[in-house]
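Since this is a predicted model, take the numbers as computed values, not measurements. Order of the sequence lines fixes the chain letters, A, B, ..., with proteins taken first and strands second; residue numbering starts at 1 for each chain.
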Amino acid sequence: MTSIAQKLSDIIGGVFEAQGLPAELGLVRVSDRPDLAQFQCNGAMAAAKQAKKNPREIAQIIVEALSSNDIFSKIEIAGPGFINLNVTDTFLEGYLESSENFGVDATDEQRKVILDYGGPNIAKAMHAGHLRPAIIGDALRRIMAFKGFEVLGDIHLGDWGTHMGMLIGDYIREGEEGLVLNANAQDPETVQKLMDDFSVRYPKASIAAKADEALMTEARAITVKLQDKEAPYYPIWEKIREVSIEGMKQTYGQLGVHFDLWKGEADVHDYIAPMVDDLKAKELAYMSNGACVVDVVTEEDNKEIPPLIIYKSDGAVLYGTTDMATIVERMKLYEPSRIIYIVDQRQSLHFEQVFRAVKKAGITNDNTELTFAGFGTMNGTDGKPFKTRDGGVLRLEDLIAMAKEKADKRLSEVNLADDIKEDEYNDIALKVAIAAIKFADLQNQRQSNYIFDLDRLTSFEGKTGPYLLYQTVRIKSLLRKAKDQGINFEEKEITIQEQDRALALLLGEFSDALNLSIQHYAPHHLCEYIYKLAQAFSSFYANCHILSEEDTAIQASRLKLCQKTALQLETALGLLGIFVPERM
RNA sequence: GCGCCCUUAGCUCAGUUGGAUAGAGCGUUGGUUUCCGGAGCCAAAGGCCAGAGGUUCGAAUCCUCUAGGGCGCACCA
């Protein structure tokens with residue numbers, strides 16, 4: 001099963017092929033002139049260009065070949081050679097009745113896909129900057145899983161650098177390592193206290209180390225010992241990591257962002273030495289200015305690409321080294337067909353270097369797709385990288401709390417049922433808040449920079465997450481009422497009326513939006529679709545009587561449409577990591 | 001210096017192989033609730049798609065140049 005447009009593309013593609021023309025030219029899409037037709041095919045014009053023929057003549061041939069097909073209620077040639085198409089209501093009804101999985105056909109790609117969308121450092125408070133990769137990556141994970149990919153989301157923690165040496169050094173100097181070592185990571189209060197402690201201690205230690213060469217040297221020395229798993233450094237580190245992960249799980253949990261793998265840089269430590277040996281054996285790695293590097297520039301390059309540094313001149317590894325080793329591990333453990341990085345756009349050169357080095361070294365197969373799906377920088381309303389008013393970073397927890405508070409206030413203003421319990425109330429407030437934050441972010445195109453505007457992020461009207469929840473909740477409420485009234489519509493047939501058609505056609509576009517999102521690793525296509533669907537429903541709802549409709553056949557048909565719309569909205573929102581309450 | 005990205009309505013943003021009259025939201029103005037949830041619905045105003053050339057039957061989209069903005073270019077991540 002596919003989208004309606006895809007079905008039509010297959011039919012018309014076949015007609016093009018029968019004429020000795022490429023099937024791709026038969027591509028049908030939803031018309032951008034809904035006043036003229038439901039669907040359009042522009043292939044005749046492209047074909048005419050290739051064959052140096054009159055486009056209308058080619059269109060005429062196609063149209064004649066289609067005329068025997070009874071799924072079309074209108075086939076017209078317009079302008080220079082557009083083929084305008086309408087489908088019959090019978091076809092539309094049949095499509096809606098028979099489509100499974102919302103018209104999404106499963107991918108035939110069987111191997112694993114790894115999505116890398118985390119990257120927070122342990123022992124540091126998560127801030128607003130962590131929001132984008134988390135939200136986009138988690139949405140892509142859900143979207144691809146729905147399409148049938150076997151997806152693994154990896155957080156890829158920053159847990160192995162000099163910053164750990166600084167922090168551990170500070171605990172030991174202050175004689176306070178007991179705070180960490182004796183902590184119970186399963187106790188949320190302890191976790192919270194320690195996270196707070198980290199967030200004060202780490203900046204302090206970092207500033208001190210930068211100002212004092214001796215402290216920096218000590219931090220580096222501790223890092224080396226840590227990496228050799230020496231006590232007490234390693235046990236302290238293990239605990240810091242454990243506590244940090246618990247802390248992160250709380251924050252990510254509130255956001256509804258899930259990871260399958262909680263791996264970090266430390267996990268690939270043991271892969272580095274053999275990998276470098278291999279690079280040397282293959283004569284790819286060599287010494288340059290005291291550092292060990294791999295060249296990645298090629299003759300075709302029109303730009304300067306610096307070599308990837310494997311070991312610094314002091315012998316320490318860099319993040320490029322661990323990124324390479326991470327791919328070694330991923331190939332060994334999972335053999336993914338794709339690895340997709342949801343990372344800040346500014347790291348594109350770095351990943352280009354890593355990917356080239358990895359391919360040169362034969363770490364991945366030729367058919368392993370490594371993709372850098374970069375996202376734009378989050379700027380403040382002043383157009384500069386986002387900072388809070390006092391110049392600091394906005395903690396992610398605070399951001400969520402602010403949104404929740406606003407949702408809370410809004411909920412208290414509307415007439416919610418009196419019987420609502422505190423648990424449900426809080427659950428609704430959080431769902432509304434998260435919907436607002438996520439949809440505001442996800443509707444932006446991934447690559448371009450965007451303005452972080454708190455008011456917009458926590459806005460509930462217009463093209464927002466809460467609007468989408470609201471529309472879905474309204475339908476669910478309507479369906480509940482129908483059930484309470486004992487209206488039996490599930491076995492009845494859908495019969496499309498004039499007022500239903502726009503909504504019905506839109507229901508058949510879901511798969512197109514989903515595929516576009518996967519093709520470009522860009523959830524905003526799905527956002528666009530969901531919003532259009534919600535809007536179409538709202539319009540339909542305002543125009544049509546449903547429960548008060550006297551014609552029971554029409555009533556049942558509309559209820560079925562409502563049910564399909566609600567299911568589709570809820571499913572699609574779920575793919576964005578947005579969850580719908582029963583009421584709001 | 002080299003390279004990458006961006007510039008679409010007052011603001012924030014969509015715009016899929018180049019296609020017909022460039023679309024949303026916010027804001028502004030007007031209408032809308034004797035009937036299923038008004039976080040709604042309907043409508044209006046608002047655009048030389050940064051500018052100039054070029055390719056094409058046809059350009060916001062492709063090419064070149066210019067202006068403005070962002071970012072990256074070996075031992076930070």
Side-chain angles (χ1 to χ4, degrees), chain A residues 24-25 27 29 31-33 35-36 40 42-43 45-46 48-49 55 78-82 84 119 121 158 161-163 265 288-293 301-314 316-320 322-323 344-350 352-353 374 376-377 379 381 383-385 410-411 413-415 432 440 443-445 447-451 453 455-456 459-464 466-471 473-475 477-478 481-482 485 512-513 515-516 519-520 522 524-525 527-528 531-532 535 538-539 541-549 562 583-584:
Chain A
E24 301 86 72
L25 293 176
L27 184 74
R29 63 172 199 209
S31 175
D32 48 26
R33 289 289 305 273
D35 54 320
L36 298 180
Q40 64 179 333
N42 302 338
M45 291 179 289
K49 196 168 201 169
F82 298 101
N84 285 335
N121 287 339
T162 314
H163 64 291
E265 293 167 346
S288 168
N289 295 331
C292 178
V293 304
D301 283 319
N302 60 342
K303 56 184 175 185
E304 302 159 18
I305 298 189
L308 184 72
I309 299 181
I310 303 295
Y311 283 124
K312 296 198 287 181
S313 42
D314 68 359
V317 300
L318 284 154
Y319 72 131
T322 50
D323 282 337
D344 193 306
Q345 193 72 257
R346 287 173 289 188
Q347 294 195 35
S348 67
L349 178 61
H350 166 73
E352 168 116 51
Q353 290 174 284
T377 313
N379 292 327
T381 38
K384 294 181 179 147
R410 184 56 186 267
L411 276 176
E413 288 164 7
V414 299
N415 292 327
V432 169
Q443 67 173 303
N444 292 298
Q445 201 206 15
Q447 296 93 315
S448 49
N449 294 349
Y450 91 110
I451 307 284
D453 180 350
D455 287 337
R456 183 159 162 266
S459 159
F460 301 156
E461 269 107 47
K463 194 174 182 179
T464 63
Y467 168 84
L468 302 170
L469 295 187
Y470 176 74
Q471 298 304 341
V473 163
R474 273 208 308 193
I475 313 177
S477 163
L478 182 72
K481 282 200 172 124
Q485 291 175 24
D512 292 329
N515 288 338
L516 266 181
Q519 194 182 332
H520 303 290
H524 80 279
H525 287 113
C527 291
E528 202 65 32
Y531 180 69
K532 264 163 61 185
Q535 236 182 0
S538 200
S539 200
Y541 182 82
N543 280 326
C544 296
H545 293 250
I546 300 169
L547 291 178
S548 54
E549 173 60 51
C562 287
R583 49 188 176 175
M584 64 187 276

How close or far is atom [atom2] of [N] from atom [atom1] of [X], stated in whole angstroms?
X        : N     : atom1 : atom2 : answer
A/Phe460 : B/G38 : CZ    : P     : 19 Å
A/Gln443 : B/A24 : CD    : C1'   : 9 Å
A/Lys463 : B/A39 : NZ    : C1'   : 17 Å
A/Tyr531 : B/U12 : OH    : C1'   : 13 Å
A/Glu352 : B/G72 : CD    : P     : 16 Å
A/Arg583 : B/A39 : CZ    : P     : 16 Å

Point to revise | Verdict with supporting geometry, A/Arg456 and A/Ile451, side-chain contact (heavy atoms from CB on, under 4.5 Å) | key: CA-CA 10 Å; A/Arg456 183 159 162 266; A/Ile451 307 284; over 6 Å; no
Select one nucleotide: of [options], the one nearest the side-chain heavy atoms of [X].
X        : options             : value
A/Glu265 : B/A77, B/U17, B/C73 : B/A77
A/Tyr319 : B/A39, B/A77, B/G19 : B/A77
A/Ser477 : B/A74, B/A24, B/G37 : B/G37
A/Arg410 : B/A14, B/C36, B/A39 : B/A39
A/Ser538 : B/C13, B/C41, B/C73 : B/C41
A/Arg474 : B/G40, B/A39, B/C2  : B/G40
A/Leu478 : B/G15, B/C36, B/A24 : B/C36
A/Met584 : B/A14, B/C2, B/A39  : B/A39
A/Lys303 : B/C36, B/A14, B/G3  : B/G3
A/Gln347 : B/A77, B/G37, B/C41 : B/A77

Check your understanding: Hey, what do you get for CG (A/Leu25) to NZ (A/Lys49), rounding to the nearest 0.5 Å?
Key -> 12.5 Å
Same-atom distance ([atom1]) from [N] to [M], integer angstrom:
N     : M     : atom1 : result
B/A67 : B/A24 : P     : 36 Å
B/G38 : B/G19 : C1'   : 40 Å
B/C6  : B/U16 : P     : 13 Å
B/G47 : B/C63 : P     : 29 Å
B/G15 : B/U7  : C1'   : 15 Å
B/G70 : B/U12 : P     : 15 Å
B/A9  : B/C2  : P     : 31 Å
B/U8  : B/C13 : C1'   : 9 Å

If you look at every strand shown and take non-hydrogen atoms under 4.0 Å, does [X] touch a base, only sugar-phosphate, or nothing?
X        : result
A/Asp455 : nothing
A/Glu549 : nothing
A/Leu318 : sugar-phosphate
A/Leu349 : sugar-phosphate
A/Gln447 : nothing
A/Asp35  : base
A/Gln345 : nothing
A/Ala48  : nothing
A/Ser288 : base
A/Gln353 : nothing
A/Tyr470 : base
A/Pro307 : base
A/Leu468 : nothing
A/Ser313 : base

Review point. Which is it for A/Tyr450 and A/Asn379 under the side-chain contact (heavy atoms from CB on, under 4.5 Å) test, yes or no, and what are the steps along the way?
Key: CA-CA 6 Å; A/Tyr450 91 110; A/Asn379 292 327; over 6 Å; no
Under 4.0 Å: is that the gap between some side-chain N or O of [X] and OP1 or OP2 of [N]?
X        : N     : value
A/Lys49  : B/G58 : no
A/Ser539 : B/C42 : yes
A/Tyr450 : B/G70 : no
A/His350 : B/A74 : no
A/Ser448 : B/G70 : no
A/His163 : B/C76 : no
A/Arg346 : B/C4  : no

Base [N] paired with [X] side chain (donor-acceptor, <3.5 Å):
X        : N     : result
A/Thr377 : B/G70 : no
A/Gln40  : B/A20 : yes
A/Asn84  : B/A20 : yes
A/His545 : B/C35 : yes

Practice item. Indicate whether A/Phe82 forms a stack on B/A20; treat it as stacked only if centroid distance is below 5.5 angstrom and interplanar angle below 30 degrees. Key: yes
Point to revise | Complementary nucleotide of B/G46, counting Watson-Crick and G-U pairs under 3.5 Å | key: none
**Study point:** Any-strand Watson-Crick or G-U partner of B/A52, both distances under 3.5 Å
**Key:** B/U64
Revision key, fill the gap. Taking every heavy atom of A/Met45 against every heavy atom of A/Pro80, the minimum-distance pair comes out as SD-CG, 3.7 Å
Exercise for review: Please figure out whether A/Leu308 or A/Ser548 has its closest RNA chain B nucleotide nearer the 5' end.
Suggested key: A/Ser548
Study note, to complete from the structure: Between A/Gln535 and A/Ser348, whichever has its closest RNA chain B nucleotide further toward 5' is A/Ser348
Review point. Do A/Gln353 and A/Ile305 have side-chain heavy atoms sitting under 4.5 Å apart?
Key: yes
Point to revise | A/Tyr531 ring center near A/Tyr467 ring center (under 6.0 Å) | key: yes
